Amino acid sequence: MAHTGKVVASAKSKTKPVISPAMLPMEGITDVQGVDGTYLQRNDVMFTAMKHTQGEFSDFFRALRDEGKVFGHRCPECRHLIIPPFMRRCPACNFVEMKKEYVNDTGVMVATPVITVFAPSRFKGQEPFGTGRVFLETADGKLSDTAMLVRVRTTRGTIRPGIYKKGTPVKIAFCDSRQGEMLDIFAVPQNELTPQQLAKSPLFESEIEWGRLSEMELDKPTAQLQKTLQEVRVHFQKLAAMIPHSPRATANLANWRRTVTVRTGGGTFGLVVNKGKLQVRKEGVKDPDLVVAVQDPSILLAWLRDSTEPVGDSVKSPALTDLVIEGTVVLNKPELETITRLDRVPRSLRRDNVVVARSPKAKQETPC
Amino acid sequence: MKDVAIVGAGMTPCRSRWVEKTFWELAQMAVSEAVHDAGIHIQEVDAGVAGIYNDIFEFQAIPESGFQGIIGLQNKPLMRVTNGGATGAYAMLAARNMVASGQHDLVLVLGVEKALDCYDFEAESNTPAVVQTIGYSWDPWFERPLGAHASESYAEVIQAYMDEHPGDLAPMARAKIVELLCEQAQNNPYAQRLGEKVTAEQVLHSRYVVYPVRVLETCVYTEGACALIFASSEMALKIKERTGREPIWLTGVGAANEPYFVGNDITRYKVLHRIYSDHVATKKALQMAGITIEDVQVIELHDAFIPQLMITLAEMGVVPLGRANDLVEEGIILPGGKLLVNPSGGLVFGGHFVGGSNMMSTWSAMREMRARNLEHGLIHGTGASLSMYGVAIVLERRA
Ligand SMILES: [Zn+2]
């Protein structure tokens with residue numbers, strides 16, 4: 001067994017580092033203020049790099065990568081079929097050996113998937129993302145007995161509530177470039193696919209039409225909505241003019257460059273984030289990096305009013321991020337960063353005293 | 001089995017970050033308080049159990065190794081327990097068994113945790129690094145690579161429960177519980193969120209952490225320590241004679257961990273819309289104590305998330321599954337209701353120093369039982385992905 005553990009062949013590997021180099025601190029010891037004095041804190045990392053074996057799961061991940069197929073393990077005695085094949089022997093049958101069995105790429109959601117807004121360090125930039133569990137159909141026309149956690153996606157903008165629920169029929173699709181890992185696959189709702197796409201196995205990411213905001217067919221603009229939109233433009237101008245006066249707000253938008261078209265029921269306008277500044281365009285921008293769709297522009301107006309002329313300290317309008325998460329505001333692709341950066345601006349303006357909250361009109365305090 | 005009593009308790013204040021103290025000092029502060037509270041000398045203690053959840057938070061593997069001399073247990077047994085969020089409760093279980101078996105008469109159980117030294121230098125914020133550290137608790141093959149983390153995981157259970165029971169866990173019921181816990185925490189001198197006022201209205205407007213859970217419905221990250229002294233009945237009565245203080249008895253314990261993978265059969269897999277571990281653990285603990293949930297007057301419950309608190313109370317049998325809104329709508333847990341829940345403010349307002357949070361719950365329940373003359377209390381711990389670890393401990397006062 002001289003060759004055990006020796007690297008035999010390398011699959012194509014990603015060229016980016018496992019963690020962002022920006023996460024690595026420089027050596028140093030700094031002061032930190034405590035309640036009763038100054039203390040020292042030392043920059044450090046708990047550091048262990050890995051060549052982490054996939055062991056008995058290697059076949060499963062290879063099947064994802066090389067075959068575009070999912071398999072589970074079936075117990076010959078109790079007939080339970082588990083996906084992913086997380087164990088080789090059935091403990092319910094006193095550890096009888098289970099058999100490999102391919103499953104279909106179609107199935108149903110176990111429950112409504114959840115949507116991550118604030119991701120762990122190593123998943124930053126992927127938000128918002130949905131994860132949920134699927135039971136997959138088996139050759140005997142039943143469903144697997146366990147469910148597999150997968151990323152859930154929609155072809156219609158960012159993931160948001162209402163796309164999936166318990167029992168939603170899904171299809172597992174495969175990324176075009178696969179490494180042999182769970183992120184090689186994801187679920188899409190079957191009702192977003194054509195019969196041809198549904199019939200194809202494996203179905204690849206590039207064979208799916210992405211970024212359609214089809215259900216955001218906006219109504220014909222009414223005079224009222226157009227008027228509201230004009231106010232939105234004015235307030236965005238006002239916000240944009242305040243940002244250069246606030247170092248914090250400028251920092252919120254620093255190192256970020258995006259062109260955005262905002263479509264509303266009252267018409268369209270554009271936003272450009274560049275070099276720490278925000279610019280407002282009367283119409284949508286050409287080939288925008290991001291499309292934001294919202295039926296009622298007064299939702300944006302409420303956020304803008306709270307941002308540029310807040311009443312008291314408490315902000316009543318929901319954050320833009322929350323509007324995206326709830327699905328009131330829809331993005332054409334899963335990239336939340338522009339929105340979260342904009343969301344930080346109002347607080348920065350207040351902290352830098354560019355915006356001073358007006359005192360509440362009447363007594364609004366609620367007892368705790 | 002011998003009867004076991006708690007004869008002393010000591011706490012540090014809960015803080016989001018203790019830059020002033022290392023976890024060694026926090027441990028010593030809590031132990032010193034506990035032995036003074038019990039009126040004993042540390043040399044009388046036979047053995048110890050240390051609950052520490054996560055080595056990364058402490059920035060040390062086998063973090064308990066530094067304790068031995070510091071907490072005065074040199075050349076005596078010290079066992080470290082780590083069981084996810086339920087570490088504190090499991091550590092108490094271990095300590096209780098050491099006494100109940102007759103092996104030791106006096107055992108110290110200590111829970112301690114750091115957290116906020118974790119720092120994401122790219123985001124210039126602690127939170128993503130803390131969330132990532134907890135995220136390392138998921139399996140490295142199937143779930144962690146997808147970005148699984150604590151809020152997401154509990155939200156899965158909450159969402160699945162809501163699929164099963166539409167209309168339950170209503171936003172207003174949840175928000176009112178948050179408001180209640182905030183008020184109750186103001187009576188806990190060690191609470192992390194002393195002086196805070198959170199209204200139901202604010203909860204309903206707070207941002208999402210993971211849809212459908214809002215930030216004001218989640219527990220906080222905390223650093224701190226809590227120590228308890230467990231005694232055999234003979235020793236407890238001796239100490240009572242010495243100090244005049246009444247011991248609190250541990251009359252029932254139950255624990256259950258659900259499987260990691262989700263499936264369709266509750267006897268073999270995790271069923272996503274249940275927290276079956278809480279159901280099983282509570283049932284066992286009540287059975288052992290010879291009481292029913294109706295006899296319990298105070299519950300200190302591990303509220304990682306407010307909707308999970310509601311599900312857990314339903315799993316315990318306080319209300320039927322699907323009727324958790326009744327906790328608020330029928331006034332069951334509101335002031336004047338029949339059940340006192342989390343007088344400490346719970347983990348949401350009191351604090352959640354993972355290794356010792358359940359011990360803080362115990363400290364609080366003991367305090368309330370003595371102050372309000374209550375006969376039975378229940379301590380609960382949960383943890384791990386999908387809330388799959390469950391522990392329940394019945395406390396009793398004896399006339
Ligand atoms: Zn079997």
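A, B, ... follow the sequence lines: proteins, then strands. Residue 1 opens every chain. Worth saying up front: this structure is predicted, and the values here are computed from it rather than measured.
- In this structure, B:Leu146 and A:Thr131 approach most closely via the heavy-atom pair O-CG2, 4.0 Å.
- For B:Glu164, the part lying near chain A is the side chain, with the backbone staying farther off; criterion is any non-hydrogen pair under 4.5 Å.
- The structure places CH2 of B:Trp141 at 9.0 Å from CZ of A:Phe61, a figure rounded to the nearest 0.5 Å.
- No other option in B:Thr267, B:Asp265, B:Val19, B:Leu272 has as many heavy-atom pairs under 4.5 Å with chain A as B:Val19.
- Only the side chain of B:Tyr136 comes within contact range of chain A, judged by heavy atoms closer than 4.5 Å.
- More than 12 non-hydrogen atoms from other residues, nucleotides or ligands lie less than 6.0 angstrom from CG of A:Asp36.
- Ranking A:Met26, A:Gln126, A:Arg151 against chain B, the residue ahead of the rest is A:Arg151, based on heavy-atom pairs under 4.5 Å.
- Residue A:Gln54 touches chain B through both its backbone and its side chain, counting heavy-atom pairs closer than 4.5 Å.
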Show, in sequence, the C-alpha distance, side-chain angles and deciding distance for B:Arg214 and A:Glu326, and conclude whether the salt bridge (charged side-chain N to carboxylate O under 4.0 Å, His left out) test is met.
CA-CA 12 Å; B:Arg214 293 181 186 271; A:Glu326 287 175 343; 3.6 Å; yes
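- Only the backbone of A:Thr53 comes within contact range of chain B, with at least one heavy atom under 4.5 Å from a heavy atom of that chain.
- Between A:His80 and B:Tyr269, the distance separating the two ring centers is shorter than 6.0 angstrom.
- Contact of A:Ser144 with chain B is made through the backbone alone, with heavy-atom distances under 4.5 Å.
- To the nearest 0.5 Å, atoms OH (B:Tyr161) and OG1 (A:Thr112) are separated by 14.5 Å.
- Using a cutoff of 4.0 Å between basic side-chain nitrogens and carboxylate oxygens, B:Glu122 and A:Arg122 are not scored as salt-bridged.
- With chain B as partner, the option from A:Ile115, A:Val32, A:Asp322 having the largest number of non-hydrogen pairs under 4.5 angstrom is A:Asp322.
- When every heavy atom of A:Val35 is checked against every heavy atom of B:Glu20, the shortest pair comes out as N-OE2, 2.7 Å.
- In plain terms, the two heavy atoms of B:Arg268 and A:Cys90 that are nearest each other are NH2-SG, 3.3 Å.
- Of all heavy-atom pairs between A:Val117 and B:Val210, the closest is CG2-CA, 4.4 Å.
- For a residue to count as touching a neighbouring chain, one of its non-hydrogen atoms must lie under 4.5 Å from one of that chain's; by this rule A:Leu143 does not touch chain B.
- The parts of A:Thr116 that come within reach of chain B are both its backbone and its side chain, each placing non-hydrogen atoms under 4.5 angstrom from that chain.
- Counting heavy-atom pairs closer than 4.5 Å to chain B, the top residue among A:Ala319, A:Gly34, A:Gly55, A:Pro84 is A:Pro84.
- In this structure, B:Lys21 places its NZ atom where more than 12 heavy-atom neighbours from other residues, nucleotides or ligands lie under 6.0 Å away.
- Heavy atoms from other residues, nucleotides or ligands lying under 6.0 Å from CZ of A:Arg347 number 12 at most.
- B:Asp120 has a carboxylate O that lies under 4.0 Å from a charged side-chain N of A:Lys124, or vice versa, which qualifies the two as a salt bridge.
- Most heavy-atom pairs under 4.5 Å with chain B: of the set A:Thr321, A:Leu24, A:Asp44, this distinction falls to A:Asp44.
- Considering all non-hydrogen atoms of both residues, B:Arg144 and A:Phe123 come closest at O-CZ, 3.1 Å.
- Going from atom OG of A:Ser20 over to atom CZ of B:Phe121 covers 13.0 Å, rounded to the nearest 0.5 Å.
- When all heavy atoms are compared, the tightest approach of A:Met46 to B:Asp55 is CE-O, 4.0 Å.
- Under the 4.5 Å side-chain criterion, counting only non-hydrogen atoms from C-beta, B:Val262 is not in contact with A:Thr146.
- Listed options A:Met50, A:His52, A:Gln41 were ranked by heavy-atom pairs under 4.5 angstrom with chain B; first place goes to A:His52.
- Counting heavy atoms from C-beta outward, A:Arg133 and B:Lys270 have side chains that stay 4.5 Å or more apart.
- Neither the backbone nor the side chain of B:Ala200 comes within less than 4.5 Å of any heavy atom in chain A.
- Looking only at distances, no side-chain donor or acceptor of B:Asp163 sits under 3.5 Å from a matching main-chain atom of A:Ala111.
- For the atom pair OH (B:Tyr119) and OG (A:Ser121), the distance works out to 11.0 Å, reported to the nearest 0.5 Å.
- Within the 4.5 angstrom heavy-atom criterion, only backbone atoms of B:Ser206 (N, CA, C, O) approach chain A.
- Between atom OG of residue A:Ser317 and atom NE2 of residue B:His205 there is a gap of 8.5 Å, rounded to the nearest 0.5 Å.
- Contacts of A:Pro113 with chain B are made by backbone atoms alone, with heavy-atom separations under 4.5 Å and no side-chain atom involved.
- Per-residue heavy-atom pair counts under 4.5 Å with chain A were compared for B:Ala150, B:Ser153, B:Ala160, B:Pro145, and the maximum is reached by B:Pro145.
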Quiz item: Taking it one step at a time, do B:Glu156 and A:Leu149 satisfy side-chain contact (heavy atoms from CB on, under 4.5 Å)?
Solution: CA-CA 11 Å; B:Glu156 272 198 81; A:Leu149 190 70; 3.8 Å; yes
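- Between the NE2 atom in B:His273 and the NZ atom in A:Lys166 there is a gap of 6.5 Å [rounded to 0.5 Å].
- Of the atoms belonging to A:Ala147, heavy atoms from both backbone and side chain fall under 4.5 Å from chain B.
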Apply the test side-chain contact (heavy atoms from CB on, under 4.5 Å) to residues A:Ile82 and B:Phe261: give CA-CA distance (whole Å), side-chain angles for both, the deciding distance (0.1 Å), then the verdict. CA-CA 9 Å; A:Ile82 57 164; B:Phe261 283 93; over 6 Å; no
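- Taking the six-membered ring for Trp and the full ring otherwise, A:Phe57 and B:Phe142 have centroids separated by under 6.0 Å.
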TODO: Take A:Phe118 and B:Thr127, measure what side-chain contact (heavy atoms from CB on, under 4.5 Å) needs, and give me the verdict at the end.
DONE: CA-CA 9 Å; A:Phe118 293 94; B:Thr127 315; over 6 Å; no
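- Proximity to chain B is limited to the backbone of A:Gln33, based on heavy atoms less than 4.5 angstrom apart.
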